[in-house]
Each structure stands twice: as C-alpha cells, then as structure tokens.
Visitor: 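Right, I'll just put the structure down here and ask away after.
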Protein chains: 2
Amino acid sequence: MAEKSIKKRANLRDVAKAAGVSVATVSRVLNTPELVTVSTRETVQAAIEALHFVPSAAARSINSGRSHVIGALVPTLDNAIFSKFLGALETKLGEYGLSLVVATTDSDPDIEAQKAQRLVNIGAEALIVSGISHSPDFDSLISRTRMPTVATSFYDPSYRYPTIGYDNAAASRKALEFLIGKGHQHIAVFHGPTDHHDRMRARLSGLHGQGVLHSFETDITLEGAGMAINALFETSPHVTAILCLSDVLALGALFGLQRRNVQIPHQMALMGVDDLPSSASAFPSISTIHLPAAEMGARTAEAVANWVEHQSEPEPFLIDTSLIAREST
Amino acid sequence: MAEKSIKKRANLRDVAKAAGVSVATVSRVLNTPELVTVSTRETVQAAIEALHFVPSAAARSINSGRSHVIGALVPTLDNAIFSKFLGALETKLGEYGLSLVVATTDSDPDIEAQKAQRLVNIGAEALIVSGISHSPDFDSLISRTRMPTVATSFYDPSYRYPTIGYDNAAASRKALEFLIGKGHQHIAVFHGPTDHHDRMRARLSGLHGQGVLHSFETDITLEGAGMAINALFETSPHVTAILCLSDVLALGALFGLQRRNVQIPHQMALMGVDDLPSSASAFPSISTIHLPAAEMGARTAEAVANWVEHQSEPEPFLIDTSLIAREST
DNA sequence: AGACCTTGTGAAACTAGTTACATTGTTGAT
DNA sequence: ATCAACAATGTAACTAGTTTCACAAGGTCT
C-alpha cells in the first residue's frame with residue numbers, strides 16, 4: 001500500500017524530505033524559482049505534485065504580516081446600490097491582489113461592531129464601512145487595532161476616518177429644488193428609517209426649510225413604498241410631486257401610482273435618489289440624482305489598497321452627484 | 001518618553017514580559033481564562049490593554065488549521081438573485097462563526113479558476129460556486145487541494161461536487177406549460193447568454209419540443225430585455241406571451257411593453273423565472289417561478305459549515321420551485 | 001505525618017512557512 | 001597555480017501563537 005493516507009496534509013518539510021532537499025530549497029522553488037537549478041526545481045515540483053502539497057496561507061501570512069483580505073461592512077445586500085458598490089469594490093481590489101470579505105450589519109451598530117471584530121479575528125488588513133454612525137465598541141476596536149478604516153457613502157472631511165462618498169444633503173436638496181423649479185408646491189418625501197442611518201438623515205436634513213413638505217417614513221423596499229403611497233393618498237391628497245430618497249422607493253412608488261391609475265408626471269411627478277438601472281428603464285423613466293456607486297467602489301478600493309500597501313492614509317474624497325431629468329418629472 | 005513607539009505591534013511575548021508571566025499564561029488568559037487566577041488574569045489584561053495587543057489571526061490559524069473563511073464565486077453582484085443568495089449565505093455562515101469572501105467571475109470560467117486560486121491562497125476553508133460548468137484549471141485546483149466545494153443554483157446528484165439547487169429545466173418547463181395551458185400558441189422566450197451559463201442552458205433545454213417558440217438571446221439586464229422586445233416586434237408579431245428565463249428580463253420586458261402601450265396580459269402575457277421582489281410589486285405584477293434563493297443560501301451555509309466543522313460531505317439537495325400566478329398572465 | 005490530589009504556572013516543543021547567513025563547488029582572472 | 005567571485009544549497013533562526021508536560025504549592029484523607 002501507499003504511504004500512510006491518514007496523514008492530513010503535506011507541509012514544506014515533507015516535500016523537502018521527499019525531494020531530498022532542504023526546506024529552504026522548496027521555499028525557493030515556490031517563491032524565487034530562478035535561484036534554483038532547473039534539475040532540482042523539477043525534482044521538487046515532482047514531489048509537490050506527488051504529495052498534493054499546497055502551501056499554508058496562515059504560515060505565509062505570519063511571515064509576511066499580510067493577509068490580502070479587506071473587510072467591508074454594509075447594511076444589506078438587498079439594495080442594488082450596495083451590490084453595485086461591492087461589485088466595483090471587489091473588482092478593483094482584485095486588481096491589487098486583494099480579496100473582499102463581506103459582512104452585513106442590517107444597519108445595526110451593535111451587529112456592525114460584532115462583525116467588525118470578526119473581520120479583525122480573521123485577519124482583515126483594513127475595514128470599509130458605510131456612513132459615519134458607529135458604535136463605541138466599533139470605534140474602540142479600530143483605535144485598539146489601529147486598523148485602516150474608510151467610511152463610504154458619506155463625505156465628511158472632519159470625520160475620524162477618511163470618508164469617500166457623497167454630499168447626501170446636497171443631493172436631496174438638488175432634487176427638491178428641481179421639483180420646486182418645476183412649479184410643485186406640495187411635495188411629499190418618502191424616506192427610510194433615520195435611526196442609525198446617517199445618509200438618510202443627511203438627505204432629509206438637506207430638505208429643511210424648503211417648500212411645503214409631507215414626509216413619510218417607511219422601509220426601503222418596494223412594498224414599503226407601496227404602503228407610503230397608500231398613506232399619502234389618505235392624508236395628503238393635494239400633493240403633486242413625490243421625492244423618494246432612494247430609487248427603490250421611487251420604483252415602488254411608481255408601481256403604486258400605476259396601480260391607482262395616477263398619470264406620471266401629469267397628475268404626480270416622481271423623483272428618486274441613487275440612479276439604479278431600474279430608474280432608467282422604467283416606464284415612465286424616473287428622474288433621479290445619480291450617485292456613482294461603482295466609482296465610489298473603485299475609488300475606495302484604490303484608497304484602501306494604497307493604504308495597506310504603502311501605509312499612506314487616503315484623503316477624504318467627495319464623489320460628485322448629478323441630477324438626471326427623465327420622464328417622471 | 002514612552003516605550004519605543006517605532007515598534008510595530010505587540011505580540012504574546014511582549015505582553016508576557018510586561019505582565020511578568022510566561023507566554024503560556026497570556027495564551028490562557030485569552031483562551032481559557034478560567035484556568036488562570038483572577039489576580040494574574042487582571043495583571044495580564046492590563047498589559048494587553050496597555051500594549052494594545054491584538055492576537056495575530058495568522059498565528060492562530062496556523063495552530064488551529066482553521067481560517068473561518070469561506071469563499072463564494074458568483075457571476076455577478078448586479079443581479080438581485082445573487083445578492084439575495086449571498087445575503088442569506090453570509091447571515092447563516094455568520095451564525096456558525098464563518099466569514100464570507102466574495103469573488104465575482106463575470107461568468108468567465110478562466111476568471112473563476114483564477115479567483116478560486118486566490119481564495120485558496122488566502123486560506124479559504126471551502127468554496128461555493130454557481131452552476132456546474134467550470135474550467136479544467138478549477139477542477140484540478142479542487143482535486144489538488146481537496147477543498148470542500150459546493151455547487152449551487154443547479155441540482156445534479158451525479159455531479160462531482162455536491163449540488164444544492166434547483167431543477168432549472170423543470171422550472172422553465174413548468175412556466176411554459178402554464179402559458180400553454182392558458183391557451184397561448186405563439187410564445188417568445190427571452191433568455192440570457194448560454195455559453196458558460198449552464199443554468200440558462202438548462203432552463204432553455206427544459207422547453208424543447210413544447211409548442212411554437214421564438215427565442216431571443218440578450219444580456220440579462222433591463223436594457224437587454226428592452227432590446228429583445230424591439231426585436232420581437234420586428235420579427236414575430238403574432239406572439240401572445242413572453243416567457244423570460246430571468247425576472248430581470250421580465251421586468252425589462254414589462255417596461256418595454258408599457259412603452260409600446262401593449263396591454264398586459266390582454267395583448268401580451270408575461271412570465272418570468274426567479275421571483276425577485278420587483279415581480280411581486282410591479283404593476284401589473286409578474287407571474288413567475290419562485291426560486292428560493294434565500295433558502296438556497298441558508299442551506300448552502302449549513303452544508304458548508306457542517307463540512308468544514310465535522311468533515312461530513314453534504315448530500316446533494318434539490319430546492320423546490322413553485323409557480324406563482326400573478327396579474328401578468 | 002505522610003501519601004495523594006488538585007491547582008496554577010512556566011519551559012519548551014510544537015504549528016508551517018520565510019530568510020539571513022554559512023557552506024560548498026565551480027569558473028575566471030591574474 | 002591561486003584567489004576572488006558567484007551560483008546553488010543547507011542550517012538554523014526567525015515569524016506568533018497553542019499546547020504538552022513538568023513542577024511547585026497547597027489542601028485533604030487515612
């Protein structure tokens with residue numbers, strides 16, 4: 001029979017023994033093969049094949065001090081805006097040879113702190129979070145570990161971590177001013193929960209003192225928007241425009257209005273914030289504020305890669321937003 | 001001045017020295033504190049705080065042989081069906097103390113093999129892939145590393161890795177038979193690219209020899225569906241029902257039909273496969289085949305967790321699909 | 001009072017790699 | 001012929017934890 005097949009996994013020493021060379025030579029074959037004679041290299045390669053040797057990632061990173069893993073904490077994967085961001089982030093990190101660990105927080109700061117700890121435990125080299133409201137536990141973890149940390153989706157140059165994101169208040173204000181400019185006097189605002197949700201809060205705060213607003217808080221889901229539409233028609237019949245602080249809500253509102261046979265934009269104008277693909281394709285297409293989530297992902301990846309590779313902490317970066325007028329207004 | 005602040009990061013030996021105990025004692029304080037006297041425990045804790053000591057993940061996993069990281073390879077994050085799956089997967093893995101590394105493949109087997117190698121390099125304990133078409137490089141990597149691997153979205157008990165997924169052919173057939181049962185004679189099929197895309201291929205193959213079909217291949221995006229609608233009206237005017245092999249296409253088709261002022265379902269019936277939230281909320285709501293992506297995520301997480309914790313390879317598992325009749329048919 | 005057991009702690013040997021330094025052998029120049 | 005230079009390889013000391021085993025101190029039982 002063959003060698004003891006009970007044995008778990010071959011290591012460098014096993015390969016060295018099998019090939020009749022030292023561990024150093026095997027290590028060289030793996031990392032700097034040009035320093036090894038072709039003949040010994042082949043012997044070693046053969047031993048590697050024969051023993052199904054795969055170098056241990058842990059042992060490698062204990063020496064290099066690198067894990068090549070970046071952790072990202074996002075509220076949810078159910079909103080396309082985060083998927084888009086993460087997709088771009090993963091792709092760009094990949095170009096730097098970095099892998100992305102995703103953790104969802106359900107917008108709960110305690111879960112975030114807990115998952116951040118887990119990311120530290122698995123050896124993440126840097127963390128990426130959404131927004132600027134985090135629990136004290138989270139902050140203390142970051143300060144203890146001195147972990148490179150970037151906050152996204154929110155631009156605030158005075159924040160304790162570098163931010164790469166939008167001016168959320170300005171984005172929603174831009175949308176509101178556009179609607180006001182179109183002559184709307186009674187505007188409803190659909191928004192998601194604001195506790196622990198700084199971006200939503202900032203977007204709402206951008207609307208203060210501007211025109212007559214009726215605001216409706218609901219879950220950021222299509223059904224949530226449907227319920228908000230129902231609430232709107234029960235309480236505020238003379239509203240002529242709806243500003244949704246998320247395109248998910250805008251699409252849900254579109255469906256809700258269509259179901260009530262309300263003509264868009266004639267009887268009701270509709271506007272979102274995010275610019276998801278659905279807003280461009282919908283009929284009627286939905287006006288929105290374009291948030292370049294993919295660009296934010298790519299820039300965040302670059303910032304983080306630079307930080308972990310060259311210890312250069314990134315500068316805060318403001319991502320531009322732009323208004324896209326479509327058929328719904 | 002304080003201690004040399006140049007020093008990178010405190011390790012166990014530093015803490016032991018500072019606390020005046022042995023490294024073994026510090027290790028015990030971290031892992032089995034009940035074995036350590038309260039007084040020494042406190043001394044050690046104080047030293048840990050003072051030195052900002054954070055145990056090295058790499059050193060830990062070199063001993064335990066565990067990284068607590070699972071790798072998932074998905075085609076894209078841009079399709080909600082994968083986000084939903086990954087969200088459930090991440091949540092359930094979290095319950096087992098496992099973290100999820102996400103890698104996107106863009107449906108390219110070569111990129112998949114390359115990213116799989118990277119996941120191995122960072123020490124992933126298991127891999128999760130979509131579908132059953134993978135490159136030889138990928139298969140050779142799996143066989144060399146003997147890495148636990150689960151294939152999802154596709155049920156095939158004879159496949160070389162355990163599969164946890166749907167019977168895609170049966171799902172689409174179910175939809176088609178439903179449409180035929182409604183009296184439709186000329187049915188168009190919208191589907192995504194079939195090369196490297198076994199699920200789409202399987203769904204298409206499920207339709208063979210059933211009624212008069214006109215098939216349109218396009219990108220699985222809302223715009224792709226819009227283009228397919230245009231192609232449909234140019235080439236096949238007497239079609240009375242569209243079967244979209246993805247709900248993304250169905251929603252895009254809905255918008256495209258609305259734009260052409262085609263009444264749904266009177267002038268054109270519409271049906272999808274996936275059951276994304278948009279299909280339930282759309283107006284009219286879209287009939288579809290419900291694919292429980294979240295359930296698949298949770299089951300996959302359980303299977304993988306069991307595999308890595310107890311070395312028990314999971315049995316293939318068929319996830320049931322069900323037809324949901326809505327307003328669009 | 002001596003044997004026995006429990007508890008707390010430390011020394012050193014593990015885990016699996018990388019790498020600085022030492023050694024050997026060959027070639028080329030003086 | 002001799003010595004320097006260099007290429008190829010080995011030895012052993014690192015990286016940062018965990019864990020086994022040994023040992024000392026204190027308490028209990030006969």
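Each chain gets a letter, A, B and so on, in the order its sequence line appears, and its residues count up from 1. Side-chain atoms are counted along with the backbone in the values below, which use heavy atoms only and exclude waters and symmetry mates. For clarity, every value in this text was computed on a predicted model and none was experimentally measured.
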Visitor: Would you please confirm or rule out a distance under 4.0 Å between OP1 or OP2 of C:dA16 and any side-chain N or O of A:Arg60?
Guide: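 Checking A:Arg60 against C:dA16: no side-chain N or O falls below 4.0 Å of OP1 or OP2.
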Visitor: For a quick check of understanding: with a heavy-atom distance under 4.0 Å over all strands, which category does A:Val15 fall into, base, sugar-phosphate or nothing?
Guide: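 No contact at all - A:Val15 keeps every heavy atom at 4.0 Å or more from the nucleic acid.
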Visitor: Would you kindly compare B:Val23 and A:Ile62 by the position of their nearest DNA chain D nucleotide and give the one closer to the 5′ end?
Guide: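 Result of the comparison: A:Ile62.
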Visitor: Would you say a side-chain N or O of A:Thr25 is under 4.0 Å from OP1 or OP2 of D:dG10?
Guide: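 Answer is yes, contact under 4.0 Å.
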Visitor: Side-chain N or O of A:Asn31 less than 4.0 angstrom from OP1 or OP2 on C:dT18?
Guide: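 For A:Asn31, the contact criterion (side-chain N or O under 4.0 Å from OP1 or OP2 of C:dT18) is met.
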Visitor: Checking only heavy atoms, does the side chain of B:Arg28 share a donor-acceptor pair with the base of C:dG8 at less than 3.5 Å?
Guide: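 Counting by modelled atom types and ignoring angles, no donor-acceptor contact under 3.5 Å is found here.
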Visitor: Does D:dA16 have its OP1 or OP2 closer than 4.0 Å to a side-chain nitrogen or oxygen of B:Asn11?
Guide: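 Result: yes.
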Visitor: Is it true that B:Lys92 and B:Glu295 have a side-chain N and a carboxylate O under 4.0 angstrom from each other?
Guide: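 Looking at B:Lys92 and B:Glu295, the cut-off is not met.
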Visitor: Side-chain N or O of A:Thr37 versus OP1/OP2 of D:dT9: is the shortest distance under 4.0 Å?
Guide: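 Answer yes for this pair, as a side-chain N or O of A:Thr37 is under 4.0 Å from OP1 or OP2.
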Visitor: Could you check whether A:Ser64 gets within reach of a base, just the sugar-phosphate, or nothing at all, counting any heavy atom under 4.0 Å?
Guide: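 Nothing: the residue A:Ser64, judged by heavy atoms under 4.0 Å, touches no strand.
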Visitor: Treating B:Ser27 as the side-chain partner and B:Val23 as the backbone partner, does any N or O pair qualify as donor plus acceptor under 3.5 Å?
Guide: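 Here the side-chain-to-backbone pair does not exist.
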Visitor: Less than 4.0 angstrom between a side-chain N/O of A:Ser22 and OP1 or OP2 of D:dG10, yes or no?
Guide: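 Looking at the OP1 and OP2 atoms of D:dG10, one of them is under 4.0 Å from a side-chain N or O of A:Ser22.
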Visitor: Look at all strands and tell whether A:Ser27 reaches a base, only sugar-phosphate, or nothing, counting heavy atoms closer than 4.0 Å.
Guide: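 Here A:Ser27 touches the bases of the nucleic acid.
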Visitor: Within the 4.0 Å heavy-atom criterion, would you say B:Thr40 contacts the bases, only the backbone, or no part of the nucleic acid?
Guide: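 Answer is sugar-phosphate: B:Thr40 comes under 4.0 Å of backbone atoms only.
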Visitor: Donor-acceptor pair, distance only, cut-off 3.5 Å: does the side chain of B:Asn306 make one with the backbone of B:Ala303?
Guide: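 Looks like no, no N/O pair under 3.5 Å.
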